[in-house]
Colleague: 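Got a structure here, written out as structure tokens. Questions coming.
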Amino acid sequence: MTDDARRRAAAQHSVAEHLRLTAAGRTEEWVELFAPDAVLEFPYAPAGVPRKVTGRDALVAHMSGFPETFDVEFVDLVFHETADPGLVIAEFRSTGTARPTGKPYEQTCISVVRTDDEGLITHYLDYWNPLVAIEALTPADPELSVSFGG
């Protein structure tokens, strides 16, 4: 296996593990996939959700509520080949429910992920539709309110 192939495999493994650990709610293990100064970026984040989270402590704080908010699994993972073995472009779906409302949460995502030579995630650019999340977290009863964001 060439160095590029080894690096590409490590980068893709980190992204697959990111999805597995996120779905399992294993935040403390999940954050170990990231470099200490890694950036998690959400270009389409709705109001109340940060567009950029930097560093492991901030990543844990941001993701700590995910297991109580969504019960999901990530499926149909496809990696798109890139010239840079440390760059991963991943397409996948989440399927599950928003825990506070019990409503379905069906999301399509594309992520652009950069990793270092050890396969640690240095920058995770996460493209997802905030309207899907808002709808899933909006109670059927307008008298109830659910907060969104970390």
Side-chain angles (χ1 to χ4, degrees), residues 7-80 82 86-150:
R7 184 151 183 227
R8 181 171 284 108
Q12 290 178 350
H13 176 75
S14 291
V15 172
E17 281 296 282
H18 155 75
L19 297 175
R20 184 182 71 81
L21 293 171
T22 298
R26 292 163 56 184
T27 307
E28 293 299 325
E29 290 172 71
W30 166 83
V31 78
E32 295 300 318
L33 297 169
F34 289 81
D37 59 349
V39 174
L40 182 57
E41 196 169 350
F42 307 102
Y44 301 126
V49 176
R51 290 191 185 268
K52 189 182 282 189
V53 180
T54 304
R56 283 184 175 164
D57 290 343
L59 291 170
V60 168
H62 178 76
M63 290 297 288
S64 63
F66 188 88
E68 291 79 37
T69 306
F70 295 106
D71 178 15
V72 297
E73 66 176 309
F74 296 101
V75 298
D76 301 335
L77 175 61
V78 175
F79 292 117
H80 296 280
T82 64
L87 174 66
V88 176
I89 298 175
E91 191 175 347
F92 55 93
R93 292 183 316 106
S94 67
T95 182
T97 58
R99 290 186 189 269
T101 63
K103 291 169 108 176
Y105 181 67
E106 306 291 327
Q107 182 74 260
T108 300
C109 304
I110 295 176
S111 295
V112 179
V113 184
R114 295 196 175 277
T115 61
D116 64 15
D117 290 338
E118 285 76 47
L120 292 176
I121 296 167
T122 58
H123 189 260
Y124 196 111
L125 187 57
D126 202 10
Y127 292 97
W128 51 275
N129 184 348
L131 298 177
V132 172
I134 290 167
E135 171 59 29
L137 290 168
T138 300
D141 181 348
E143 297 296 315
L144 300 176
S145 173
V146 177
S147 90
F148 183 72

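Just so we're clear, the structure is a prediction, and the values are computed from it rather than from any experiment. Note: hydrogens, waters and symmetry copies are ignored here, and every other heavy atom, side chains too, is used.
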Colleague: Could I get the full list of salt bridge (charged side-chain N to carboxylate O under 4.0 Å, His left out) partners for Arg26, not counting sequence neighbours?
Modeller: Glu29

Colleague: Mind listing the side-chain donor-acceptor pairs of residues 37-52 below 3.5 Å, one per line with the distance, residues two or more places apart or on another chain?
Modeller:
from	atom 1	to	atom 2	distance (Å)
Glu41	OE1	His123	NE2	2.8
Arg51	NH1	Pro43	O	2.4

Colleague: Please state whether the rings of Tyr124 and His18 are parallel, tilted or perpendicular, taking 30° and 60° as the class boundaries.
Modeller: tilted

Colleague: Between CG of Leu137 and CZ of Phe70, what distance do you get to the nearest 0.5 Å?
Modeller: 4.0 Å

Colleague: Output the distance between atom CG (Leu21) and atom CZ (Phe74), rounded to the nearest 0.5 Å.
Modeller: 11.0 Å

Colleague: Short question: side chain of Thr82, backbone of Leu87 - any donor-acceptor pair under 3.5 Å?
Modeller: yes

Colleague: Under 3.5 Å, side chain of Gln107 to main-chain N/O of Asn129, donor-acceptor pair present?
Modeller: yes

Colleague: To the closest 0.5 Å, what do you measure between OG1 (Thr69) and CZ (Arg99)?
Modeller: 9.0 Å

Colleague: How close do Pro67 and Gly25 get, heavy atom to heavy atom, and via which atoms?
Modeller: CG-CA, 3.5 Å

Colleague: To check you understand the geometry: which heavy-atom pair defines the closest contact between Ala35 and Leu120, and what is its length?
Modeller: N-CB, 3.9 Å

Colleague: So, does Thr122 use its side chain to make a donor-acceptor pair with the main chain of Arg114 at under 3.5 Å?
Modeller: yes

Colleague: Within a 6.0 Å radius of atom CG on Asp57, are there more than 12 heavy atoms belonging to other residues, nucleotides or ligands?
Modeller: no

Colleague: Nearest 0.5 Å, what's the OG1-CD distance between Thr22 and Glu17?
Modeller: 10.0 Å

Colleague: Tell me if a side-chain donor or acceptor on Thr101 pairs with a main-chain N or O of Lys103 at a distance below 3.5 Å.
Modeller: yes

Colleague: Please check this pair: side chain of Ser14 against backbone of Gly119, looking for a donor-acceptor N/O pair closer than 3.5 Å.
Modeller: yes

